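Shown next, in structure tokens, is the structure this report addresses.
We name chains A, B, ... by the order of the sequence lines, and we start the count at 1 in each one. From a predicted model like this one, the values you see are computed outputs, not experimental measurements.
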Amino acid sequence: MANATLTPDARVSSGEFDLPPSAWVEAYRTMVLARAMDERCLSLQRQGRIGFYVPLEGQEAAQVGCALALDPKDWVFPAYRELGVALVRGVPIQELLDQFIGNSGDRLKGRQMPNHYGYRAQNFVVASSPLGTQIPQAVGAALAARRRGDAVVTVAFFGDGSTSTNDFHAGLNFAGVYRSPTIFFCQNNQWAISMPRSHQTMSATLAEKAEAYGFGGVVVDGTDLGQVYRAVATARARALAGDGPTLIEAQVYRFGPHSTSDDPKRYRSDAEVAEWRRRDPLLRTKEEIMKTPGWTEAQDTALWTEARSRIAEAWKAAEGTPPLPPTSFLDDVFSERTPQLEHQRRELLGLLERKVVHE
Amino acid sequence: MANATLTPDARVSSGEFDLPPSAWVEAYRTMVLARAMDERCLSLQRQGRIGFYVPLEGQEAAQVGCALALDPKDWVFPAYRELGVALVRGVPIQELLDQFIGNSGDRLKGRQMPNHYGYRAQNFVVASSPLGTQIPQAVGAALAARRRGDAVVTVAFFGDGSTSTNDFHAGLNFAGVYRSPTIFFCQNNQWAISMPRSHQTMSATLAEKAEAYGFGGVVVDGTDLGQVYRAVATARARALAGDGPTLIEAQVYRFGPHSTSDDPKRYRSDAEVAEWRRRDPLLRTKEEIMKTPGWTEAQDTALWTEARSRIAEAWKAAEGTPPLPPTSFLDDVFSERTPQLEHQRRELLGLLERKVVHE
Amino acid sequence: MTELTLVQAVNRGLAEAMRQDADVLLLGEDIGTNGGVFRATEGLQKEFGAERVIDTPLSECGIVGTAIGMALYGLKPVAEIQFLDFIYPAFDQIVSELSKFRYRSGGQYPCHVVVRAPYGGGIRGGLYHSQSTEAFFCHTAGLKVVIPSTPADAKGLLLTAIHDEDPVMFLEPKRIYRSVTGEVPDGDYRIPFGKARIAREGTDLTLVAYGAMMVPTLAAAERLAEDGLSAEVIDLRTLVPLDEAALLASVEKTGRLVIVHEAARTAGFGAEIAALVAEKALYSLKAPILRVTGYDTPFPYALEHLYLPSEERILDAARQVGRTG
Amino acid sequence: MTELTLVQAVNRGLAEAMRQDADVLLLGEDIGTNGGVFRATEGLQKEFGAERVIDTPLSECGIVGTAIGMALYGLKPVAEIQFLDFIYPAFDQIVSELSKFRYRSGGQYPCHVVVRAPYGGGIRGGLYHSQSTEAFFCHTAGLKVVIPSTPADAKGLLLTAIHDEDPVMFLEPKRIYRSVTGEVPDGDYRIPFGKARIAREGTDLTLVAYGAMMVPTLAAAERLAEDGLSAEVIDLRTLVPLDEAALLASVEKTGRLVIVHEAARTAGFGAEIAALVAEKALYSLKAPILRVTGYDTPFPYALEHLYLPSEERILDAARQVGRTG
Ligand SMILES: Cc1ncc(C[n+]2csc(CCOP(=O)(O)OP(=O)(O)O)c2C)c(N)n1
Ligand SMILES: Cc1ncc(C[n+]2csc(CCOP(=O)(O)OP(=O)(O)O)c2C)c(N)n1
Ligand SMILES: [Mg+2]
Ligand SMILES: [Mg+2]
């Protein structure tokens, strides 16, 4: 797929929606931070200090470019790989690392595996594992926003594999019928675990699936920050103008394993990875920035150092944060505890007291 | 939608796959029989002698044309409205009427509502009510047939509304990926109960949805017997040649209510019905046949008389057939009764014996 | 007070909630122009417009998925599933998403959707227009499960459901949509969740039921009285949360228990009731706990009268239990 | 005989069936090139080819729907669902179609699909890689439900499943995929459905469990023996059909029952077992029936060790029951 023909949409090439030059360095800083998180978390997982990790390496430009084109009011419906989006939205890395451990600092209270997070303050809806479910949800939220008169778009993030799910079909169809102000942002990273894009579905592009629902799809080079930004900014403007949803297929590549449970050597060649690595979004973005007068290698190095030390510091704090109170897993099933849950809570307290179970 | 532009596929106009002139009268006879069944069963339902009925009026040419293009070996996966298909496949009307009553002659043993039938001998798979489920099943059967080396295609029947189901998406995607010898025969009768086609989905045609799965779709005028036959025969030949699946959208109109539980006056105008009635497939087919030298109005009348008397006779027999044995509803859950079901059967026998419950 | 059928009471409950709160909206198949295949939403699109009574494409997955998104944003969607039998395309959205949003987010994202669905047999609907699979939802932590059996309860429980903060499965006994009528208070009123209704007081044995099964169960209790057996009849109203206290108090008093539901027996909700009693009131029991239920088969068509619990079957079981111990 | 892990035994069972019968084929996500995310299908695509070990697009609905069509035509498909938690997109195909084909057709269309899915917690999988929702399938008439707990059972029950004529839900305890090893017979052998395994004989109380819960349950029985309490331990093996006879015989002997499962308590399969005993062996009971189960919450991540039944919790309940009555 490295040679896939990209079909830039006419609208996308217009200058109106370009990422302002001033934003590039900030974007790059976030991409570096994301990459450094991958680096650190993969190593933490190998050391058994976190249980699981999903790297985003290779998809940074797509995520950062997309997120930068959004307004803080917009609602993000992520899958589990959207670290770059979370960082742009301003989710503190402290929150993320606390979530990875599931300690008492975890806003999600240790309910979910690493990477399955969500932060209301950042309009970053809580991710789940079942694939595709966020897609019709994003449509519903967009319709709700429109009903409230809010100038808000919603963005559903998902992968190439997730276009095969029930929810993709339901979500895009509802979006078409109600012209919901939603952006469907598909990161086609060429693989769904071991299933290559070419066997996932026989349409020539994923973007063209939008036509089956009566709206437009565009393919963008997801390693090109500016191109992604433009496509999303355009789609957002269209959505707010009442022109309905857009499906954006960002062609990228997952450089690393699907997750720390995965061994990609079982199903793909090093050569394929190497070829895509030449289009590493960080290299491409750096090249752009290097054109800025006055930008030096030293500044680049400083970005990396800064990123790594911020992560190290946050990790230290996370490890030092106490565990969750033991009965906390019985909370938040409902707004208030039912008598059954109250009973089970007392049961658990009794077991703890009698040292049948231990924190 | 009466003025919808039909897009006849180039392949479909070729003469190779024309319905032979000799077959037209037989086709018409079946269409008349189907229409007479509607007439009689609607009246039986009003009299409370059967519980429910789903008319096909308006869709006869689409169904008969499609079924005639198939081989008896081919497998049909119907929905609940495919009476025309069942008749072409040779399902005896006696079987159908027994099913509508659910008497001891019912091969399905009174398990299902009227119209939800299936007959193994005719490769007419048993229908269910949940919409769309038959679609991936048809794909699986086609792959199995191919694996066995059988020159068999499978045909999934469904309506315009059912294109919105999960199973439509899954089934067509699998068919595209595995190039299964399957025909997706969508009878777009313009309504899904009260939901018009125009609000079901925003694609211009339903046929074009096939492109999202990497294969072709064609729109045909479903009131035109010859056109439907050609499209299906072409798709069948392609499927057997290894050229993969086809989605056929047959544009028709449901003249009657969705079912005997429905009152279409609540959601559509008489004018719309009247306009479509001008394209009544029976009239159109009759007009064609009238061109045959020697065909007379009297022959037409005879067809109707024959149809009505066959139905009357079969109905008499059906009403005279004894009910099912009372414990029969406990059979066929598994190939053999589990101890639990055996126990429940004894329980029921006890209740019957003690006259707690009555046959 | 107005005399209404159960389905009319549902309709009034929806209308009342929509008048009170502009955030309440309905979505489902054939609910707008057509007023719902059971007419539960009759007239509502006319009163509240197509933006609030939304006819959807044929996708239960889309209906519930979209409703969830609306609820996350702050609206109060009420989703109609045309028949409970057709809820499975939305099962992933209900079981994986709706029930778990609040929990998985650590309380950040409450997700309040009411899913209404007519359920149950006795209308000659065969396999796919008759099922009663409430146990699926009761076993799914995070869902409340409500089943009314009278018009007044239907409206009062529905208003509670719509104003609740949690996801609610609101299952309507379609068999008695029209056959059961009763006085229904006008305007707003709420029937609390987790409070069973003692439909009849008694001392000799306890009959527990809900939904459409209340009709034969109460009739059986009447007949038992003629026999000189005083049956207490409990209408659970909400299966989750369950009024364990009422249940246990009754069994402690009577020592005898018959559970009635139309769902298949194995792993039905009746099993949970029996298990609770076998744990918490075992020593009160004077006789085995009997379940009068549907059989462990799919729902049949022609012989549904044999499949469904009837007054006579309940009576028979009650007499057995009444005689024993 | 070969010493194998449980997941290896599954692998050998699949290979054995595929060698015997060309109609057996596998389909699922990542089962081919990748050998399955748990390696259950490792090496099989190499041996049997991509036509028989089929990597599918990401659609459980498509996997089960296609498998059903294959089965109707006469093949013997074994569908893998990557985690039981991800089965819900296929729930409609399973509950509405697979379980009801034979029935609704009056026996004309048997529909024999084996659906394999790893289930259960204890692997730090959080809400969506840990669930144990066997009760859903047990409540669905027409499905057989099998849960092995040893490598030998895994292979023998799987071979029975693949040669059965009915739909089988084959749920594999992933927590003990590798931690439990045992001698497994080579070649073909079948373990019959509906026969529980008396994993340990005893006289004072009965512990009933299945799947991964056998490990803490047997450990607890060991500890009880040290206390002088003789526990009989029953491994159900198949929940449908259920070996009621073994269950009732044991309770009649011991008079005391503790049921263990990791699924949420309310309306879990443990309720069915308790209900059966409360109906059919009530008078043998000397103590309340206790259930040691997961809590009525979604499955948590950080605190799963508190959520899951442990040896200590089982022991505690058993001692309570052992002391009472
Ligand atoms: C419904 C469902 N089925 C299966 C899985 C297991 N699974 C997790 S990620 C994955 C592949 C996803 O591929 P894609 O959508 O392309 O996203 P990517 O991981 O490549 O970002 C699979 C099969 C799941 N999480 N949910
Ligand atoms: C999954 C599911 N949802 C809802 C229904 C209720 N229902 C029965 S028929 C129907 C409309 C079907 O429309 P279409 O697919 O166009 O077929 P038609 O009846 O027009 O032939 C609906 C909504 C159902 N049977 N299954
Ligand atoms: Mg991918
Ligand atoms: Mg239609």
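Neither the backbone nor the side chain of A:His258 comes within less than 4.5 Å of any heavy atom of chain D. The parts of D:Tyr295 that come within reach of chain A are both its backbone and its side chain, each placing non-hydrogen atoms under 4.5 angstrom from that chain. Interface remark: A:Arg345 contributes no atoms to any contact with chain D (heavy atom separation under 4.5 Å). Looking at A:Pro325, the atoms closer than 4.5 Å to chain D (heavy atoms on both sides) all sit in the backbone: N, CA, C or O. Only the side chain of D:Arg39 comes within contact range of chain A, judged by heavy atoms closer than 4.5 Å. Heavy atoms closer than 4.5 Å to chain D are found in both the backbone and the side chain of A:Leu330. With a 4.5 angstrom heavy-atom cutoff, A:Leu131 touches chain D only via side-chain atoms. Proximity to chain D is absent for every atom of A:Thr133, based on heavy atoms less than 4.5 angstrom apart. For a residue to count as touching a neighbouring chain, one of its non-hydrogen atoms must lie under 4.5 Å from one of that chain's; by this rule D:Asn34 touches chain A with backbone and side chain alike.
In summary, the aromatic rings of D:Tyr128 and D:Phe299 are positioned with their centroids too far apart to meet the 6.0 Å limit. Ring to ring, D:His139 and D:Phe269 are not that close: their centroids are 6.0 angstrom or more apart. Under the 6.0 Å cut-off for aromatic ring centres, A:Tyr117 and A:Tyr119 qualify, their centroids lying closer than that.
When the candidates D:Gly125, D:Gly126, D:Ser310, D:Pro298 are compared by the number of heavy-atom contacts under 4.5 Å with chain A, D:Gly125 comes out ahead. Interface summary for chain A: among D:Glu60, D:Arg265, D:His305, the most heavy-atom pairs under 4.5 angstrom belong to D:Arg265. Among the candidates A:Phe52, A:Phe168, A:Phe329, the residue making the largest number of heavy-atom pairs closer than 4.5 Å to chain D is A:Phe329. For the set D:Thr33, D:Leu315, D:Leu303, the count of heavy-atom pairs under 4.5 angstrom toward chain A peaks at D:Leu303. Comparing D:Tyr88, D:Phe86, D:Phe83 by heavy-atom pairs within less than 4.5 Å of chain A, the highest count is held by D:Phe86. The most heavy-atom pairs under 4.5 Å with chain D, out of A:Ser129, A:Gly102, A:Pro326, come from A:Ser129.
D:Asp316 has a carboxylate O that lies under 4.0 Å from a charged side-chain N of A:Arg354, or vice versa, which qualifies the two as a salt bridge. Remark: A:Asp98 does not engage A:Arg107 in a salt bridge, criterion side-chain N to carboxylate O under 4.0 Å. By the 4.0 Å N-to-carboxylate-O rule, D:Glu47 lies too far from D:Arg52 to be salt-bridged with it.
For the atom pair CD1 of A:Ile101 and CH2 of A:Trp315, the computed distance is 3.5 Å after rounding to the nearest 0.5 Å.
Considering every non-hydrogen atom in both A:Gly105 and A:Thr321, the closest pair reads N-CG2, 3.6 Å.
The aromatic rings of A:Tyr253 and A:Phe255 lie tilted to each other, with the angle between the two planes from 30° to 60°.
Side-chain N/O atoms of D:Glu172 and D:Tyr177 include a donor and acceptor closer than 3.5 Å.
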